[in-house]
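Notes for the one structure printed next.
Every value quoted in this text rests on a predicted model; they were computed, and no experiment measured them. Hydrogens, waters and symmetry mates play no part in the numbers below; they use all other heavy atoms, side chains included. Every number for a ligand or one of its atoms is a count from 1 in the order of the listing.
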Amino acid sequence: MGPDLLHLSAAGVSLVLDCRGPGLPSVAHWGAVLDDAELSAGLSPATDPQPIGFSVDGTVRPSLIPEQSSGWLGTPGLAGHRDGRAWATAFRVTAIDRADDAVHIRASDAAAGLDLAIDLELHPAGVLRARAAVTSTAPGTYWLEHLTLFLPVPERTAELLDFTGHHLRERHPQRTAFTHGLRVRENRTGRTGYDSAYLLCAGTEGFGNRTGEVWALHTAFSGGARSIAERTYHGWSALGGGELLLPGEVSLASGETYQTPWVYAVHSLDGLDGVSSRFHRHLRGRPHHPSKPRPVVVNTWEAVYFDHDLARLSELAKAAAAIGAERFVLDDGWFGSRRDDTSGLGDWFVSPEVWPDGLGPLVDLVRGLGLEFGLWVEPEMISPDSDLARAHPDWIMSTGDRLPRPARHQQVLDLANPAAFEHVLGRLDALLTEYDIAYLKWDHNRDLVEAGHPGTGRAGVHDQTHALYRLLDELRARHPGVEIESCSSGGGRVDLEILERTDRVWASDCIDAHERVAIQRWTSLLLPLELIGSHIGAPESHTTRRSLPLATRAGTAVFGHLGIEWDLTSAPLPELAEWVALYKELRELLHTGTLVHADLTDPAYSVTGVVAADRSDALFALIATATSASYPPGTVGLPGLAEDRTYHVRPQPPGHVADGNAAAWGAALPWCTPQGVRLNGRTLGTVGLRLPVLYPDRVLLVRASADSAPGRVTE
Ligand code: DGJ
């Protein structure tokens with residue numbers, strides 16, 4: 001056994017575990033950093049809840065996996081049984097090992113026949129992650145319902161923020177009061193989901209982009225998931241996360257173990273920007289984080305859809321090269337009978353009908369133009385109208401007696417079936433071996449409905465998700481240089497576990513810049529910009545029919561991993577080339593800097609910026625998505641700059657001020673000129689800049705370069 005209190009601390013965060021036992025450790029504090037010396041004075045006696053009448057006798061301290069045996073009557077951390085017995089547990093700690101900022105806890109309940117292991121890690125950026133594993137140690141079957149980790153938050157958390165959404169509108173925020181009771185965000189779609197809770201945040205009243213204290217939790221799993229916020233009249237408030245298991249999905253024979261997904265959690269004293277800065281620093285610190293400059297992508301989907309034609313695609317590739325693109329991605333439609341979305345999934349052979357000489361001629365052309373070649377695949381899926389389905393109908397996920405309802409005319413391949421797994425692995429491996437492919441756009445275009453193993457009929461989302469992880473791991477091991485994008489009919493699979501084995505996410509099929517402002521803002525609460533695919537689309541959006549100028553489409557798309565998804569053969573190439581050049585000039589800033597957002601009361605405007613790590617340079621986007629009630633609008637502080645440095649602030653070309661600035665009826669703002677204005681960071685942060693009158697759906701990029709730093713000056 002270890003000491004009574006264990007203190008982990010990193011980057012201004014403390015986690016104090018109360019290990020007085022004999023039950024599972026509880027969290028005595030998770031939040032702002034504490035002084036080690038104070039802890040020895042006795043944090044737990046100072047904060048232990050008072051025993052109350054007409055409740056269980058003694059003090060009730062819910063643990064990381066709360067149990068009824070400790071007096072806890074809220075959501076249990078572990079639910080399961082042995083044919084009706086062993087449903088309540090009383091784990092006793094057998095070992096606590098600490099190595100730097102990681103703690104490994106082991107516990108046992110001999111009567112229930114279960115062992116429990118909990119891993120906790122506090123990473124250098126202050127990101128905490130935890131997972132648990134339960135092992136059956138007794139004969140018979142232990143039927144697991146769920147294993148959920150909880151982290152308590154203080155009572156001063158008054159509001160909750162989490163996310164919802166749908167195809168073309170992923171990750172939109174929703175706020176509620178944090179009242180007594182249980183808020184459970186369940187995902188039953190068999191993928192992370194457009195409407196996943198994403199980040200479940202509890203914060204002090206009115207917490208904003210840069211104000212308020214916030215605790216946030218992310219359940220990192222690409223199958224079923226549950227994220228929980230619970231507040232009880234016992235004075236206990238907590239955030240929890242774990243996998244959502246279907247009935248009978250996980251059963252443990254003696255010696256078998258179930259492991260939860262990682263649950264990630266951060267605390268911020270600086271509102272939501274503090275949350276994202278911790279996650280971004282953490283993700284950027286991973287050894288496998290993409291490190292080479294994020295190449296400009298040209299994707300063929302909205303340019304040609306299924307209409308694959310070598311001559312047309314060759315013209316597109318040449319135009320891509322002409323504007324400075326660096327990666328050309330051939331989307332859906334190159335294989336089997338796939339001339340539309342009704343057939344062909346599973347037949348991962350190049351279609352002789354549309355590609356009589358294989359993909360070689362296009363790959364060679366693209367490589368010859370100096371671009372990388374990327375290919376679209378959807379390996380987990382199968383079309384009933386495919387050679388694969390005709391040969392192996394028993395490889396389609398189902399409850400065994402009927403096929404699930406189709407979605408986009410397709411079904412799901414049972415990857416937990418070793419034969420199906422090997423088949424898909426073999427085909428992908430063969431394609432990556434035959435062609436010079438640098439990138440896979442890995443799609444997944446349906447929810448999992450009645451997703452069982454056809455042989456037994458048992459629920460299979462858990463197995464399917466882990467089989468997917470194994471498939472990606474194996475492919476990456478065989479082809480280490482290949483980058484992979486996580487796409488799921490747009491942004492339906494965005495979570496930190498898929499990102500352990502992929503290099504970017506496709507945030508949404510909606511590339512309308514108006515919609516993208518929100519989608520990218522909230523996706524970037526968790527992910528740094530270099531992991532978020534953002535494309536410049538056609539002038540009229542294919543998904544909303546909204547028409548927007550290039551400066552708006554490009555000015556929002558540069559805040560991400562830039563791509564273009566537009567029929568370039570009819571696009572203004574010189575203007576596009578200017579935006580590509582700007583992105584290349586700024587991508588190091590955008591992909592290593594700190595993402596900031598101003599707190600504005602004017603709902604028509606938002607201000608997003610990226611400030612270089614050394615604060616020598618910054619790019620801000622002043623965005624109007626509606627007309628403002630104030631005419632002219634007010635001022636806005638530019639956040640994140642060094643207070644004592646002087647910045648040269650001016651519009652950043654190629655976006656044209658006159659294009660977005662409704663000053664056509666008045667005079668331009670004095671600072672909205674190439675000469676701009678020079679002010680120190682303190683003044684820019686507190687007094688700020690007067691917002692220009694922008695037409696709705698216009699973006700003005702603003703550069704702020706510290707006087708000693710190089711910048712692209714416009715005079
Ligand atoms: C859905 C994706 O999100 C799109 O970008 C495109 O790849 C289509 N699937 C292709 O079927």
Side-chain angles (χ1 to χ4, degrees), residues 165-171 189-196 222 297-308 313 316 327-348 351 354 373-383 385-386 406-413 428 431 437 439-448 483-495 498 502-512 515-516 519-520 523 531-538 541-544 553 557 560-567:
H166 55 71
H167 184 226
L168 309 175
R169 196 177 196 269
E170 294 86 340
R171 286 170 293 287
T189 64
R191 50 176 160 173
T192 319
Y194 310 116
D195 65 335
S196 79
S222 318
V297 172
V298 163
N299 181 290
T300 62
W301 181 240
E302 288 202 0
V304 303
Y305 291 104
F306 289 103
D307 188 7
H308 284 204
L313 287 163
L316 201 58
R327 175 179 286 167
F328 185 86
V329 180
L330 183 66
D331 212 286
D332 197 355
W334 55 268
F335 53 93
S337 59
R338 189 79 169 169
R339 303 294 78 77
D340 57 30
D341 66 6
T342 61
S343 73
L345 292 172
D347 298 340
W348 302 112
S351 163
V354 277
F373 184 79
L375 192 64
W376 180 96
V377 289
E378 193 178 359
E380 298 140 87
M381 296 295 158
I382 179 165
S383 302
D385 181 4
S386 65
R408 208 190 187 209
H409 316 283
Q410 65 198 57
Q411 295 287 355
V412 183
L413 193 62
L428 294 173
L431 286 162
I437 295 172
Y439 180 76
L440 288 179
K441 176 178 176 181
W442 188 295
D443 210 340
H444 176 282
N445 282 310
R446 67 160 294 169
D447 292 328
L448 270 58
E483 290 192 6
I484 302 178
E485 172 175 52
S486 173
C487 172
S488 187
S489 24
R493 191 149 67 188
V494 179
D495 65 78
I498 200 75
T502 53
D503 303 283
R504 79 167 203 170
V505 300
W506 182 224
S508 178
D509 274 352
C510 183
I511 49 179
D512 171 343
E515 304 293 330
R516 276 284 179 146
I519 294 169
Q520 288 173 201
T523 302
L531 298 182
I532 303 174
S534 63
H535 292 179
I536 302 171
S541 162
H542 290 201
T543 54
T544 64
R553 283 144 48 226
H561 175 188
L562 183 73
I564 295 144
E565 196 163 328
W566 178 7
D567 184 356

Checklist line | All salt bridge (charged side-chain N to carboxylate O under 4.0 Å, His left out) counterparts of Asp385, not counting sequence neighbours | finding: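 For Asp385, the residues satisfying salt bridge (charged side-chain N to carboxylate O under 4.0 Å, His left out) (neighbours in sequence not counted) are Arg390.
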Item checked: Any donor-acceptor pair under 3.5 Å from Arg339 side chain to Gly336 backbone ->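 Judged by distance alone, yes, a pair lies under 3.5 Å.
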Next item on the list: Please list, by chain and number, the protein residues whose heavy atoms come under 4.0 Å of ligand 1.
Entry: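 Answer by chain and number: Trp301, Asp331, Asp332, Trp376, Arg408, Lys441, Asp443, Asn445, Cys487, Ser489, Gly490, Trp506, Asp509.
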Checklist line | Interatomic distance, Arg327 atom CZ to Leu562 atom CG [nearest 0.5 angstrom] | finding: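 Separation between the atoms: 12.0 Å.
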Next item on the list: Verify the neighbour count for atom CZ of Arg169: are there more than 12 heavy atoms of other residues, nucleotides or ligands below 6.0 Å?
Entry: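 No - once you tally the heavy atoms of other residues, nucleotides and ligands closer than 6.0 Å, there are 12 at most.
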Check: Would you say the ring centroid of Trp334 lies under 6.0 angstrom from that of Phe306?
Finding: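 Trp334 vs Phe306: aromatic centres not under 6.0 Å.
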Next item on the list: Evaluate side-chain contact (heavy atoms from CB on, under 4.5 Å) for Thr300 paired with Phe328, printing each intermediate quantity in order.
Entry: CA-CA 8 Å; Thr300 62; Phe328 185 86; 3.6 Å; yes
